[in-house]
Amino acid sequence: MNKITSMRHWPATNFGISRGNMAAMQAMNNRRDVTTQGPPPIPAPQLPIAESPIYYAFNVPFASDLAGPDTEDILHATTDAVLRWTHPAEAPDDVPVHALHVHVMNLEGLRQLCHSITHNNLPIEAHVISGTPKNARGLVTTVCLSGPAELVYQTREAILNKTPISLRCTTVDVDGNLVANLAEGVLKKSVTDFLDETSRFCGVDIFLLGPKLAPVVDGLNGDVELRRDQRWRVAIYGDNMSAEHAKTRVLIHIDQLLGRIVDSIQVDYSIQQILIGRNRKNIKLIESSTNTAIYFPPPFLNCYSYCPPGAARRGESDVFITGENSQAIEQAKYKIHDYLTRIRLFVKDVQISPAKLDSVLLTRMDKVRKIAENNNTHIVPPSLGSRKNLARFQAQENLPIERSVREFMALIGQFYTATWWISHPDGRQALPTPLDIRTMLSDICANSEADVTFDKMCFTITGSDEAVKAALMVIHEIKWVNHSQYQIRVKIELANEHKEFVSGKKNGKINKIMGQSNVQIMFETFGEYNFNIEVVTHSYDAVKHGLTLVEQEMPASISFHVPDQYHKRIIGIGGQHIQRIMKKYSVFVKFSNAMDRGKMNFFFGFLCWTLTDTLLGGLSREDDDSRVDNVICRTPARNAQNLELVKSEILEMVDRVDSEFMNQTVKIDRLYHRELLSRLPEIEEMEKKWNCKIVFPSTEQATDELTVSGPQWLVPKCIDSFLGMVPDKHEVVMERTASLIKFLESPEFVQNIVPKLKTQYEVDVTVHENPEERASNGNPSVTLLWQFTRNNAGGVSDAMDFLQGEFATAGVEPVFIRGALSRPKPDTFEEALPFFDSKLLQHAPAPVATDSPTKPSFGEETARERSSLLERLRRPGSGMSSISSFLDRRKNSSQSATSFFKGSSNVSKSSLVSIESTRSFNADRNPWNDSGVNLADDETGSPWPSAVLHGNGIGNKLAVPHHGDMTPRHAARQSADSGRPSTSHSTNSGYPGPHPGPFR
């Protein structure tokens, strides 16, 4: 497990102070909590107090790049869903995704809303500008508001909460037997009626889709198999909260189709996360002991107030329980009530900038959710656009609250604020008109994805660090701005414990930066957790240079786990080993061990021991606390490339079995998770044996993926042992012949071959007859059912080869109808033989076709078969009339052409997977708190964006790269990394994301 955190050289930066904060900035310079280095600070500009209209531009995060399902996969669609999410048949192949009817109508609805705002009696105007800027990934929609400040902010809140932002698609896998009568070849009317009703009730579009091919990793050797998932899919399209509501209703209905009963219980929303427990530990115990499934509302439900017209929102206190019988449900209710009576809550309120809170709500909620789950903390941000500055944190103990707050504040530090104040406009050029201002702000916003305000000749910019830098670059290219006298102020937010790290001894680093770049740098302590680094100058080039130098001094860090028993070996006598490593790479290293991450800390950067008060609380009671990140390495971002070298050298002194922790996912049918949870004691013994942790997904996620974490050398073995608890089967259907039946009924087969298959290949073989399954010539068939566990799936091919040899010995020539297993094509020169006219060279016969679920190969014929299925499963009026003809074709179809897909067969390769560790080493590791930092592979080049203006003046369309974290509306993009806390999806800070690309 490792986490890399670093402060970035971002290609664009945000320099923001709002209009109301200008006067406060001058007073700030005289406060005691402001530390100023170098010459006297530049005075803040004095702005008139009189109220005047402001201009505010922001992007509306439509998910305009969200495509609909493949029309060939659709078996059923709710009312108008096909019209909204698919292109017409006559549409060209290159039609963009944002031209879908649903995206066009969402944009039209926003235009109508802004039109009604503009033409009401209030003194405010709202204008919508939509387009595809150069280098953008899709359609960008910007709203520009003008009017009194308070009214502008209220209007923005109304627009964000009345618009279907952040559309998404979520899917639920379901067995085809539950939704269709396969014998009659029709979909069940009760199921289609339920989907239609759920679509209307939740305000979403729902599609029933056919099965798909999915790669599956089986066994110890990590072989990848391409299986046809026999389950069908329910795809739900809508806004985030509505889609989650509909998904829960679909999951509950599937439980009802499986014969379960449903009940509900009211649980206060503020304590639901506490009840669930860290990594869902508490609820997992309740579900496993009662054989129930418990469905909670989605987190942060109160932060978003949008609800589709005519739809109903999910009740925030409604918790649904499904079980085999009423006794199981009552038992689950009793255990929930018993746990709630013992909950003791600690609450802490933290003040945060409203603009940054909105940025988190729009782009970082997946990370906030991970923070809440990992620390078992209930986090309550204010509602979107409300301009409130208070976030609440609740937990059973103070320690998880402190951890959560520090990680949340690290996210806040990923956003910059900036102001560009024009003190003396260029008199040779006319000032911009209101239309010019709207066009200018829309261009800045669309090309940078930052929120921009213009008030009394002052630009205020808020957004991710990259977005703000891009916005400043765009403003600099505006001719009348560049020719005027101006002042730029940039604020960077950083954790308090990093203040001395950045400033250096006697402020040496800061003084050097100010001397080199001609900027003024001030530190402002404004809260319990973070402080501001303010960079002030009168030159854009100076602020670029100065900000780059400041970011290079930001702390870059990496944290990972080393078992406590190795710490003395790594430290050495008197710390000589760790001193040598630190001097060699100029990196500080800190260990935490001995007293379970709280009582004793080792600060080898200063070669001293310090005792701290125990802050364990419930931490020591966590089963997975033994694998928290207990080693942290920190260095300035300019030296970030040495962090991995330090980690490698430290791990060289650790035994291979404990050298590095990793995570790996395993796919198992989500419904079988309940069977596995009923064997929880066996799983816990397995975890102790292999020193690994098996984490089940939440019931609401409805995913097949489980996570296995532990030492990279033991994780494959743990997975192999775990898959031994998962049964699997495979059917081989052959044409019934007299010789085959004679062989299958012979004592040799029953008494010798079947036991040998069991003992040597771990496969049970039984013979069955299915009168409905016949060969293409109409002859009856016989079925061999192969039963095995998932970890032995690779042995089925060997067992089949053994049986083929026995067939040949007995003189039996079986004719396979389906289920034959093919071997991979050998690496020979066979393909080149046709070019040689030689009778000595013979061609190998074509491999036997297969549709095996263990080593499958689905070729063009299978694709045509699947297409035929979807064409025949259309309801009346759209071609979906019957599935019986498809079923007949599928049962009697001949073997398809083969293509072999094989992954690694080497155990060590599967152990090379490097996946992030969970956040754990946080609040109790002051003053070295890990703030979530990324490191770049390429630290060269300018951290600022470069773009070429196509003309001068206002409203230029610029080729500016888009930056920042685009969760969840856009695909992740590349971004440079210089050691600053990441604004993109961080690959090593506990959250998934793309590998950083080169600087642009």
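- With sequence neighbours excluded, no residue forms a ring pair (Phe, Tyr, Trp, His ring centres under 6.0 Å) with Tyr529.
- Within the 4.5 Å cutoff, no side-chain heavy atoms of Ile129 are placed close to those of Cys144.
- Taking a cutoff of 4.0 Å between a charged side-chain nitrogen and a carboxylate oxygen, Glu244 and Arg168 qualify as a salt bridge.
- Annotation: side chain of Leu362 is in contact with side chain of Leu384 (closest heavy-atom distance under 4.5 Å).
- Of the inter-residue distances, the one linking Arg406 atom CZ with Leu411 atom CG reads 14.5 Å to the nearest 0.5 angstrom.
- With no hydrogens or angles considered, no side-chain donor-acceptor pair links Asn482 and Glu477 at under 3.5 Å.
- By the ring pair (Phe, Tyr, Trp, His ring centres under 6.0 Å) test, His98 is found to be paired with no residue, residues two or more places apart in sequence or in another chain being considered.
- No side-chain donor from either of Thr462 and Asp451 sits under 3.5 Å from a side-chain acceptor of the other.
- For the pair Tyr153 and Leu151, the minimum side-chain heavy-atom distance is 4.5 Å or more.
- A salt bridge does not link Lys367 with Glu407: none of the charged nitrogens is closer than 4.0 Å to a carboxylate oxygen.
- Checked by atom type and distance alone, the side chain of Ser464 pairs as donor or acceptor with a backbone atom of Ala467 at under 3.5 Å.
- Every side chain to side chain contact (heavy atoms under 4.5 Å, CB included) that Thr163 has, sequence neighbours left out, goes to Val60, Phe62, Leu110, Leu113, Ile159, Ile165.
- Note on residues 97-112: no pairs pass salt bridge (charged side-chain N to carboxylate O under 4.0 Å, His left out), not counting sequence neighbours.
- By the ring pair (Phe, Tyr, Trp, His ring centres under 6.0 Å) test, Tyr237 is found to be paired with Trp85, Phe207, residues two or more places apart in sequence or in another chain being considered.
- When all heavy atoms are compared, the tightest approach of Tyr416 to Gly413 is CE1-O, 4.5 Å.
- Classification of Lys388 and Glu157 as a salt-bridged pair fails, no side-chain N sitting under 4.0 Å from a carboxylate O.
- Defined by atom type and a distance below 3.5 Å, a donor-acceptor pair is present between the side-chain atoms of Asn530 and Glu493.
- Across all their heavy atoms, Phe415 and Ser359 have their closest contact at CE2-CB, 3.4 Å.
- Between Phe408 and Phe393, the angle of the ring planes goes over 60°, which puts this pair in the perpendicular group of the 30/60° scheme.
- Counting only heavy atoms from C-beta outward, the side chains of Cys202 and Arg249 approach each other to under 4.5 Å.
- His119 is linked by a ring pair (Phe, Tyr, Trp, His ring centres under 6.0 Å) to His115, counting only residues two or more places apart in sequence or in another chain.
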Assess the residue pair Met440 and Ile475 against the criterion (side chain to side chain contact (heavy atoms under 4.5 Å, CB included)); give the C-alpha distance rounded to whole Å, side-chain angles, the decisive distance to 0.1 Å, and a yes or no. CA-CA 9 Å; Met440 173 180 61; Ile475 295 174; over 6 Å; no
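- Between Pro298 and the options Glu700, Glu316, Arg314, a side chain to side chain contact (heavy atoms under 4.5 Å, CB included) holds for only Arg314.
- Using a 4.5 Å heavy-atom cutoff, the side chains of Val536 and Val543 are not in contact.
- A salt bridge (Lys or Arg N to Asp or Glu O under 4.0 Å) with Asp358 is found for exactly one of Arg364, Arg156, Arg387, namely Arg156.
- Note that OG of Ser146 and CD1 of Ile437 are 9.0 Å apart. Values are rounded to the nearest 0.5 Å.
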